[in-house]
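From a predicted model like this one, the values you see are computed outputs, not experimental measurements. Throughout, protein chains are lettered first and strands after them, A, B, ... in sequence-line order, and every chain is numbered starting at 1.
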Amino acid sequence: MTEVVTRFAPSPTGYLHIGGARTALFNWLFARHSGGRFLLRIEDTDRVRSTDDAVSAIFDSLKWLELDWDGDAVSQFSRAARHAEIVEELLEKGHAYRCYASPEELAEMREQARARGTTRLYDGRWRDRDPSDAPVGIAPVIRFRAPLTGVTTIEDNVQGQVTVKNDALDDIVLLRADGSPTYMLAVVVDDHDMGVTHVIRGDEHLNNALRQVNLIEALGWQRPTYAHIPLIHGADGAKLSKRHGALGVEAYREMGYLPETLRNYLLRLGWGHGDDEIIDTAQAIAWFDLGGIGKSPSRLDFAKLDNLNGHYVREASVERLVVLLAPHLLRLLGRVLSPEEAQRLAAALPDLKERAKTLVELAENSSFYFCDGPPSPDEKAKKLLTADAGLLLARLHQHLLEVATWSNASLEAVLREFAAAEQIKLGQIAQPLRAALTGRAVSPGVFDVMRVLGREETLGRIKAAATTNNPVLGSQ
RNA sequence: GACCCCAUCGUCUAGCGGUUAGGACACGACCCUUUCAAGGUUGAGACACGGGUUCGAUUCCCGUUGGGGUCACCA
């Protein structure tokens with residue numbers, strides 16, 4: 001029984017998008033589940049489109065998702081010499097040949113193939129031509145001499161048996177005219193050299209696998225096990241675009257999602273384990289298998305993502321949330337929290353985190369704790385702060401002055417007594433009080449807010465609201 | 001256009017010849033309740049269509065329709 005080796009092989013032409021993240025996750029989970037290795041290879045053979053920024057963005061995203069890879073990331077470009085060496089071997093054995101067709105000729109062939117309604121594009125004009133016919137001064141590409149007849153079949157762990165007639169498969173280019181290797185060549189060689197046993201990748205490569213398999217056969221190597229996972233679509237079922245959320249992983253981070261949320265969500269998108277929904281990473285490693293991967297494409301659903309994130313936010317520790325919230329609060333308030341404010345945040349978080357879907361929301365919901373002086377009420381809060389409410393708050397203020405211990409229990413007792421004495425329901429005083437303390441109609445429980453705010457700040461905010469909204473003393 | 005893949009509630013899915021077709025998100029109602037969440041109870045909601053095979057098809061086969069992918073000296 002050989003060790004399982006999986007790999008994630010993104011091309012560094014942009015950020016790590018959500019589909020790539022899921023591919024990485026599946027590879028990582030399968031390797032960890034099997035006690036094998038998870039490798040990372042950067043497919044940077046396209047020198048024009050590959051950038052260092054993209055490479056570091058991919059690293060950052062994987063690290064944030066906590067998908068650790070084994071060993072150093074391999075640069076495919078750095079292995080060009082090895083790729084060329086394999087092509088030499090292929091040439092010697094007659095599995096490859098030089099092709100001098102010009103771009104114009106190729107375009108013409110493409111047109112003709114299209115008109116004829118065939119899939120095979122290249123007409124093989126240099127396939128068996130005598131090398132002495134080679135035009136001078138033109139650098140050839142090296143093509144693979146693919147079988148013309150028969151069929152190629154792969155046994156895919158997700159899609160099942162897939163067969164295609166060889167006459168639909170082209171003689172793929174192995175080496176470009178400038179001598180650089182193409183992706184088709186590089187993946188095959190690198191996967192082999194890296195000892196990859198399981199190729200788990202997006203469905204868009206299923207057709208490529210058929211071509212690659214023939215190359216592997218020609219080289220006399222062993223095929224890896226394939227698992228082509230269905231693509232992720234937007235909410236409308238169309239191909240994922242920026243509009244839908246084909247965003248980089250770092251965008252999700254900025255939107256306030258937790259890495260464990262993304263892992264859990266992405267896992268369930270296209271993979272199932274009975275009725276289980278909340279699956280932590282340890283459990284995912286224990287359960288993950290290729291057989292559980294669904295065959296049909298799935299759609300991204302932000303409502304479910306939000307719900308899941310709410311779960312993990314509630315589960316997160318206050319200490320961690322304080323740290324995670326820092327950048328969001330900085331953006332919101334335009335400044336960092338003072339040590340006292342950070343303490344207040346920590347005290348408020350147990351109540352706050354129960355009612356937020358994202359870190360962004362959590363930061364917003366906490367902001368009334370950090371305003372300078374009494375909060376300015378929003379529209380709904382203004383409606384609560386009537387003249388009557390102002391009078392009520394003024395009277396409550398008097399009672400609150402006498403509270404000995406500033407705790408939820410004693411505060412609640414005072415409020416209930418007050419409501420009874422005023423012959424009103426608790427809600428009739430609690431709502432204006434909430435508006436006075438938070439400037440909103442929605443917040444954690446008022447007793448919790450008063451406790452976290454502390455006696456002085458609470459009384460100050462009540463007094464301010466009572467004064468502003470007093471029909472006699474009020475400024476308006 | 002050719003080739004390949006896919007098809008269960010709006011969405012993610014369970015189901016692997018016989019089920020009142022299950023769960024989750026979202027949606028409605030109710031409960032809880034100082035608001036909002038969370039939680040609890042509950043309601044509505046699906047086997048794309050047409051042929052077979054079979055005693056029996058959501059499940060197996062074929063076709064139709066619909067969706068997706070691939071057809072580069074990109075990956």
Side-chain angles (χ1 to χ4, degrees), chain A residues 9-13 43-46 48-50 76 99 101 103 106-107 110 113-121 139-143 156 158-160 162-165 167-170 172-178 180-184 186-187 202-208 210-211 228 230-231 233 235 237-239 265 268-278 294-308 310-311 314 351-357 365 380 384 412 415-416 419 425-435 438 440-447:
Chain A
S11 60
T13 53
E43 310 233 315
D44 50 0
T45 52
D46 184 346
V48 181
R49 300 201 303 156
S50 300
Q76 190 158 60
C99 168
L106 255 12
R110 191 171 9 251
R114 191 68 181 256
R116 256 182 293 128
T118 64
T119 302
R120 195 180 184 97
L121 182 155
V141 299
I142 312 293
R143 283 185 186 272
D156 192 272
V158 174
Q159 308 295 346
V162 181
T163 302
V164 82
K165 292 195 195 70
D167 62 18
L169 267 19
D170 257 306
I172 51 173
V173 171
L174 267 18
L175 231 46
R176 301 188 184 96
D178 66 2
S180 65
T182 61
Y183 158 81
M184 287 290 188
V187 249
D203 213 4
E204 76 266 28
H205 288 294
L206 183 58
N207 288 277
N208 292 334
L210 271 337
R211 292 171 237 273
H228 288 92
L231 270 19
H233 292 168
K239 192 184 175 184
Y265 180 74
R268 284 286 293 106
L269 202 58
W271 182 87
H273 186 272
D275 285 341
D276 298 295
E277 295 288 343
I278 306 283
K295 303 173 82 166
S296 54
S298 41
R299 307 177 183 201
L300 212 52
D301 180 7
F302 276 90
K304 190 154 186 169
L305 219 208
D306 281 347
N307 176 275
L308 243 196
H311 168 83
R314 265 172 264 134
D351 308 313
L352 250 17
K353 71 176 184 176
E354 295 298 314
R355 53 208 90 205
K357 301 280 187 218
N365 291 351
K380 283 181 181 165
L384 254 17
E412 176 162 2
L415 257 288
R416 289 199 184 276
K425 284 185 182 173
L426 186 56
Q428 287 174 280
I429 180 61
Q431 279 303 85
L433 179 56
R434 182 189 317 283
T438 69
R440 308 170 189 198
V442 173
S443 81
V446 284
F447 310 124

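- Residues A/R143 and A/I172 fail the side-chain proximity criterion, which asks for heavy atoms closer than 4.5 Å.
- Under the Watson-Crick or G-U wobble criterion, with both distances below 3.5 Å, B/G63 is paired with B/C49.
- The same atom, P, is picked in B/G43 and in B/C25; the two are 16 Å apart, to the nearest Å.
- Counting non-hydrogen atoms under 4.0 angstrom, A/Y265 reaches nothing in the nucleic acid.
- Neither OP1 nor OP2 of B/G68 sits under 4.0 Å from any side-chain N or O of A/R299.
- Across the protein-nucleic acid pair, A/H205 atom NE2 and B/A72 atom C1' stand 14 Å apart, rounded to whole Å.
- The gap from the P atom of B/C5 to that of B/C16 amounts to 25 Å, rounded to the nearest Å.
- Contact annotation for A/V164: backbone-only contact, meaning every heavy-atom pair under 4.0 Å involves sugar-phosphate atoms and none involves a base.
- One can place NE2 of A/H228 at 12 Å from P of B/U70, the figure rounded to the nearest angstrom.
- Between the P atoms of B/A14 and B/A72, the separation comes to 35 Å (whole Å).
- The pairing partner recorded for B/C25 is B/G10, the criterion being a Watson-Crick or G-U wobble arrangement whose two distances lie under 3.5 angstrom.
- Nucleotides B/U41 and B/C62 place their P atoms 44 Å apart, quoted to the nearest Å.
- Applying the 3.5 Å distance criterion, the base of B/U34 shares a donor-acceptor pair with the side chain of A/R434.
- If you check B/A38 for Watson-Crick or wobble pairing at under 3.5 angstrom, you find it has no partner at all.
- Under the Watson-Crick and G-U wobble criteria, each requiring two contacts below 3.5 Å, nucleotide B/U33 is left unpaired.
- Among the heavy atoms of the strands lying under 4.0 Å from A/P444 is at least one base atom, whether or not backbone atoms are also near.
- Using a 4.0 Å heavy-atom cutoff across all strands shown, A/R120 reaches no nucleic acid atom at all.
- Nucleotides B/C3 and B/U8 place their C1' atoms 28 Å apart, quoted to the nearest Å.
- Contact of the A/Q159 side chain with the A/L206 side chain is registered, since non-hydrogen atoms from C-beta on lie closer than 4.5 Å.
- Of the C1' atoms belonging to B/C31 and B/A46, the separation is 29 Å, rounded to the nearest Å.
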Can you check each nucleotide of nucleotides 19-28 of chain B against protein heavy atoms at under 4.0 Å and return B for base, S for sugar-phosphate only, - for none, in 5' to 3' order? ---BBBSS--

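- Pairing for B/G1 is with B/C71, a Watson-Crick or G-U wobble pair whose two hydrogen-bonding atom distances lie under 3.5 Å.
- Look at A/R110 and you'll find a side-chain N or O under 4.0 angstrom from OP1 or OP2 of B/A72.
- At the heavy-atom level, A/D156 lies nowhere under 4.0 Å from the strands shown.
- Per the geometry, CD1 belonging to A/I172 stands 13 Å off C1' belonging to B/C71, to the nearest Å.
- Counting non-hydrogen atoms under 4.0 angstrom, A/T13 reaches nothing in the nucleic acid.
- Nucleotides B/G15 and B/U59 place their C1' atoms 8 Å apart, quoted to the nearest Å.
- Nucleotides B/U19 and B/A57 are separated by 11 Å at their P atoms, to the nearest Å.
- With a 4.5 Å cut-off on side-chain heavy atoms, A/L305 and A/L300 do not count as touching.
- Between the side chains of A/D156 and A/H228, at least one donor N or O lies within less than 3.5 Å of an accepting N or O.
- Between A/R416 and the phosphate of B/U34, there is a side-chain N or O to OP1/OP2 separation shorter than 4.0 Å.
- Among the heavy atoms of the strands lying under 4.0 Å from A/T45 are primed sugar atoms or P, OP1, OP2 only; no base atom is included.
- Side-chain contact between A/Y265 and A/E277 is absent, with no heavy atoms from C-beta onward closer than 4.5 Å.
- Backbone-only contact: A/S298 has heavy atoms under 4.0 Å from sugar-phosphate atoms and none from a base.
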